[in-house]
K.L.:
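Submitted below is the structure of interest, expressed as structure tokens.
Nothing here was measured: the structure is a model prediction, and the numbers come from that model.
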Amino acid sequence: FVLSEQAVIDQAKAELWSIVNEASKASKNGYAAHLEIALYEYGRSTLTLQSGYVRKLVDYTTDLDTISEVLFNLKTAGGDEYCAAVIQKSLEELKWIDNNNMYRVIFIAGNEPFNQGKLTYNSACADAAEKRITINTIHCGDSLQGVKEFWKEGADIGLGEYFYINQNSTSYVEVETPYDSLIQLYNDSLN
């Protein structure tokens with residue numbers, strides 16, 4: 001059982017949105033965190049080689065509705081995933097405030113090898129770590145494959161965490177509610 005590339009993208013978007021939701025609940029010393037998010041796309045063959053197939057979609061914003069809209073409208077178009085290029089471009093283009101009280105992090109998700117492209121992931125991830133910006137990687141596929149394709153090493157160099165999305169998982173949890181019979185009744189009447 002193999003999911004389509006769009007299904008893999010959809011899983012990655014759902015995971016990233018879950019991370020955004022958790023981060024939006026963060027607090028320190030009883031104060032809610034001020035969350036700013038920027039969003040890039042990479043690996044789209046319709047982007048230019050000169051850009052490294054990378055494009056900033058949203059600059060820093062606190063508007064989670066905008067992030068959600070842009071994130072969930074992303075579609076796959078195939079292409080090489082130059083992880084180092086998107087990391088490096090975000091380090092150069094975004095205004096990263098140097099503040100020890102801030103958690104500065106890049107989450108990068110993909111399903112191609114982490115070492116594609118002319119730039120090396122080693123230097124991009126080390127550059128981020130030197131600037132105290134954490135790199136967390138999310139491989140969309142088998143955990144061991146992600147390790148073999150350098151996603152874990154990228155996270156290690158970037159002083160972050162390695163995650164993976166099991167794209168072949170079809171399991172879900174169904175929770176019964178007292179409203180199930182009423183919902184089924186309405187569903188039957190609509191159909």
K.L.:
When you compare the side chains of Asn99 and Arg104, does any donor N or O come within less than 3.5 Å of an acceptor on the partner?
P.N.:
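Short answer, no.
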K.L.:
Are any of the side-chain heavy atoms of Glu81 and Val86 separated by less than 4.5 Å?
P.N.:
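Heavy-atom side-chain distance check fails, nothing below 4.5 Å.
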K.L.:
Take Cys140 and Glu15 through the test side-chain contact (heavy atoms from CB on, under 4.5 Å) and record every step on the way to the result.
P.N.:
CA-CA 10 Å; Cys140 301; Glu15 182 65 26; over 6 Å; no
K.L.:
Evaluate the side-chain proximity of Val105 to Ile133: yes if any heavy-atom separation is below 4.5 Å, no if none is.
P.N.:
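Heavy-atom side-chain distance check fails, nothing below 4.5 Å.
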K.L.:
Which pairs with one or both residues in residues 49-58 pass salt bridge (Lys or Arg N to Asp or Glu O under 4.0 Å), sequence neighbours excluded?
P.N.:
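Every pair satisfying salt bridge (Lys or Arg N to Asp or Glu O under 4.0 Å) with a residue in residues 49-58: Glu41-Arg55, Lys56-Asp59.
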K.L.:
Looking at every heavy atom in both Val54 and Tyr40, which two are closest together, and how far apart are they?
P.N.:
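Reported closest heavy-atom pair: CG1-CD2, 3.9 Å.
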K.L.:
Less than 4.5 Å apart, side chain to side chain, heavy atoms only: is that true for Ile138 and Leu16?
P.N.:
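They are in contact (side-chain heavy atoms under 4.5 Å apart), so the answer is yes.
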K.L.:
Heavy-atom distance under 4.5 Å between the side chains of Ile37 and Val20, does that happen here?
P.N.:
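Yes, side chains in contact.
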K.L.:
Who pairs with Val147 by side-chain contact (heavy atoms from CB on, under 4.5 Å), at least two apart in sequence or on another chain?
P.N.:
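So Val147 forms a side-chain contact (heavy atoms from CB on, under 4.5 Å) with Lys152, Tyr162.
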K.L.:
Enumerate the salt bridge (Lys or Arg N to Asp or Glu O under 4.0 Å) contacts for residues 17-32, please, sequence neighbours excluded, ordered by first and then second residue.
P.N.:
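The answer is Glu22-Lys25.
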K.L.:
If you compare all heavy atoms of Ala124 against all heavy atoms of Leu91, which two are closest, and at what distance to 0.1 Å?
P.N.:
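Here Ala124 and Leu91 meet closest at O-CD1, 3.8 Å.
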K.L.:
Which residue, Phe150, Tyr42, Trp151, forms the ring pair (Phe, Tyr, Trp, His ring centres under 6.0 Å) with Phe114?
P.N.:
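When ring pair (Phe, Tyr, Trp, His ring centres under 6.0 Å) is applied between Phe114 and each of Phe150, Tyr42, Trp151, only Trp151 qualifies.
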K.L.:
Take atom CD in Glu161; do more than 12 heavy atoms of anything else shown fall under 6.0 Å from it?
P.N.:
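12 or below, so no.
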K.L.:
Might you point out which heavy atoms bring Ala38 and Leu94 nearest each other, and give the distance in Å?
P.N.:
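Smallest heavy-atom distance, with atoms named: CB-CD2, 3.7 Å.
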K.L.:
Starting from the C-alpha separation in whole Å, work towards a yes-or-no answer on side-chain contact (heavy atoms from CB on, under 4.5 Å) for Ile157 and Tyr121.
P.N.:
CA-CA 9 Å; Ile157 294 168; Tyr121 70 91; 4.0 Å; yes
K.L.:
Grouping I, L, V, M, F, W and Y whenever their side-chain heavy atoms are under 4.5 Å apart, do Ile106 and Ile67 come out in a common cluster?
P.N.:
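They do not share one cluster, since no chain of ILVMFWY contacts under 4.5 Å joins Ile106 to Ile67.
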K.L.:
Heavy atoms only: give me the nearest Thr134-Leu159 pair and the separation to one decimal.
P.N.:
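Closest approach of Thr134 to Leu159: CG2-O, 3.5 Å.
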K.L.:
Any heavy-atom pair between the side chains of His139 and Ile165 that's under 4.5 Å?
P.N.:
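No, too far: nothing below the 4.5 Å cut-off.
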K.L.:
Can Asn115 and Thr120 be said to form a side-chain contact (heavy atoms from CB on, under 4.5 Å), step by step?
P.N.:
CA-CA 7 Å; Asn115 63 342; Thr120 67; over 6 Å; no
K.L.:
Which value, rounded to the nearest 0.5 Å, describes the distance between Glu36 atom CD and Lys95 atom NZ?
P.N.:
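Those atoms lie 11.5 Å apart.
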K.L.:
I'd like to know whether CD1 of Ile97 has more than 12 heavy-atom contacts from other residues, nucleotides or ligands below 6.0 angstrom.
P.N.:
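No, CD1 of Ile97 has 12 or fewer neighbouring heavy atoms, counting only those of other groups under 6.0 Å.
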K.L.:
Run the ring-centre check on Tyr82 versus Tyr53 and record whether the distance is less than 6.0 Å.
P.N.:
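Between Tyr82 and Tyr53, the centre distance is under 6.0 Å.
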K.L.:
Side chains of Glu153 and Cys125: does their closest heavy-atom pair fall under 4.5 Å?
P.N.:
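SC-SC contact between Glu153 and Cys125 ruled out.
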K.L.:
Assigning hydrophobic clusters by single linkage (Ile, Leu, Val, Met, Phe, Trp, Tyr; side-chain heavy-atom cutoff under 4.5 Å), is Tyr60 placed with Met102?
P.N.:
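No, no single cluster joins them.
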K.L.:
How close do Ile108 and Ile135 get, counting heavy atoms only, and between which atoms?
P.N.:
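That closest heavy-atom pairing would be CG2-CG2, 4.3 Å.
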K.L.:
In sequence, state the C-alpha distance, the side-chain angles, and the governing distance for Trp17 and Leu64, and then conclude on side-chain contact (heavy atoms from CB on, under 4.5 Å).
P.N.:
CA-CA 10 Å; Trp17 188 246; Leu64 297 185; 4.0 Å; yes
K.L.:
Heavy-atom count around Glu130 CD within 6.0 Å, excluding the residue itself: above 12?
P.N.:
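Check fails, neighbour count at 12 or below.
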K.L.:
Of all heavy-atom pairs between Thr137 and Gly154, which one has the smallest distance, and what is that distance?
P.N.:
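The answer is CG2-C, 4.3 Å.
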K.L.:
Nearest 0.5 Å, please: how far is CD in Glu149 from SG in Cys83?
P.N.:
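So the gap between those two atoms works out to 10.0 Å.
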K.L.:
Under 4.5 Å between any side-chain heavy atoms of Leu74 and Leu57, yes or no?
P.N.:
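Answer yes - side chains close enough.
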K.L.:
Take a 6.0 Å sphere around CD of Gln145 and say whether it holds more than 12 heavy atoms from other residues, nucleotides or ligands.
P.N.:
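Count over threshold, so yes.
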K.L.:
Check whether the side chains of Gln88 and Asp127 place a donor and an acceptor atom closer than 3.5 Å, and report yes or no.
P.N.:
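There is such a pair between these side chains.
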K.L.:
Please tell me if the side chains of Ile19 and Phe163 come closer than 4.5 Å, counting only heavy atoms from C-beta onward.
P.N.:
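Counting from C-beta outward, Ile19 and Phe163 never come under 4.5 Å.
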